[in-house]
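Below, chains carry the letters A, B, ... as their sequence lines are ordered, and counting in each starts from 1.
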There are 2 protein chains.
Amino acid sequence: MNIGEVAQASGVSAKMIRHYEEIGVIPKISRSMAGYRQYGEADVHMLRFVRQARELGFSMPEVKTLVGLWRNKRRKSGEVKKLALEHVVRLEAKIQQLSGMSKTLKHLAHCCKGDERPECPILDKLDSP
Amino acid sequence: MNIGEVAQASGVSAKMIRHYEEIGVIPKISRSMAGYRQYGEADVHMLRFVRQARELGFSMPEVKTLVGLWRNKRRKSGEVKKLALEHVVRLEAKIQQLSGMSKTLKHLAHCCKGDERPECPILDKLDSP
DNA sequence: TATAAACCTTCCCATCATAGTAAGGTCCAG
DNA sequence: CTGGACCTTACTATGATGGGAAGGTTTATA
């Protein structure tokens, strides 16, 4: 398969496939005589893996580690699980942060009449220490 | 006040104050004869406002709009409230998205033994379509 | 067989908010 | 008057992604 075909099949853009190769998230692939990258079925799976790890919010360094584990048939599943649970912790922290913002804003908005007049507790609150 | 002092007082770095001025989030400030930016008390409030709007997750274009409303004494509080509530909607959507990721990961991690062996439903799941 | 379309390659640029650095000018205290 | 702390602009980088240009390859069609 050429890069366009594997991009289609995996859902990762050709642009990003080259980028992932360049930064070492996926290994360098063999080339045709003309220099075209040549992919097989396993590569479709690998790229799909990368895409889905990204969709779960893993950082690029984590994805790189995960791809290494995915390719290593002697991996310990404990390592994978550890990464996953650490990521859950970060996700929950982010959720807490966003919930805090949302709560604050909802409270401020609730205090604001929201009419034609200029008085606005939202603006008032935002410039005080 | 010079930029360092107002940075200290507002909690916005001098670097970012110059940047905000350049991209028009805050108005251009007057200069001393030597070209130094000269700030007053109101500018401390304005910068604090920008910082706190950012901390609530508003985008830069939104902050720009909010600063405009903050400076406009004939604003309608309804406009501010509308922006705030739209942002709440986006925050809640983001929270839903992250919650989905977290839930998926927790489920996968729960299914993974997490021991010395290579079998791992997390990795298996991530390369399937 | 010639050519055009549809690929591929590398390289460069842009995003966005933020930080760092360098080179040079200014202000103040000793 | 000099040293240090401040200021100025301008350039660089980040990280994941997209866009485009210039040029080579493959394939289908006239």
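Where A/Ile3 and B/Pro61 each meet DNA chain C at their nearest nucleotide, the meeting point lying more 5' is that of A/Ile3. Annotation: of the two residues near DNA chain D, A/Ser59 and B/Gly4, the 5′-most nearest-nucleotide partner is B/Gly4.
Of all heavy-atom pairs between A/Ile122 and B/Ala84, the closest is CD1-CB, 4.0 Å. Shortest non-hydrogen contact noted between A/His87 and B/Leu105 is CD2-CD1, 3.2 Å. Nearest heavy-atom pair, A/Met101 versus B/Leu56, reported as atom, atom and distance to 0.1 Å: SD-O, 3.4 Å.
Between B/Glu86 and B/Lys82, at least one side-chain nitrogen of the basic residue sits less than 4.0 Å from a carboxylate oxygen of the acidic one, meeting the salt-bridge criterion. For the pair A/Arg18 and A/Glu22, the salt-bridge criterion is not met [side-chain N within less than 4.0 Å of a carboxylate O].
In this structure, the NZ atom of A/Lys64 is 11 Å from the P atom of D/dA16, given to the nearest Å. Rounded to a whole Å, the CZ atom of A/Arg54 is 12 Å from the P atom of D/dG15. The separation between B/Glu55 atom CD and C/dT18 atom P is 10 Å, rounded to whole Å. Protein atom CG of A/Asn2 is 18 Å distant from nucleotide atom P of D/dG24, rounded to whole Å. At whole-Å resolution of the value, CZ in A/Arg51 and P in D/dT17 are 12 Å apart.
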Tabulated below should be each protein N or O lying under 3.5 Å from an N or O of nucleotides 28-30 of chain C; please produce it.
none

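Using a 4.5 Å cut-off on side-chain heavy atoms (C-beta onward), B/Lys113 and A/Lys81 make no contact. With a 4.5 Å cut-off on side-chain heavy atoms, B/Ser102 and A/Glu92 count as touching.
Residues from residues 10-44 of chain A lying near DNA chain D, meaning a heavy-atom separation below 4.0 Å, are A/Ser13, A/Lys15, A/Met16, A/His19, A/Tyr20, A/Ala34, A/Tyr36 in numerical order.
Heavy-atom neighbours of B/Gln8 CD from other residues, nucleotides or ligands within 6.0 Å: at or below the threshold of 12.
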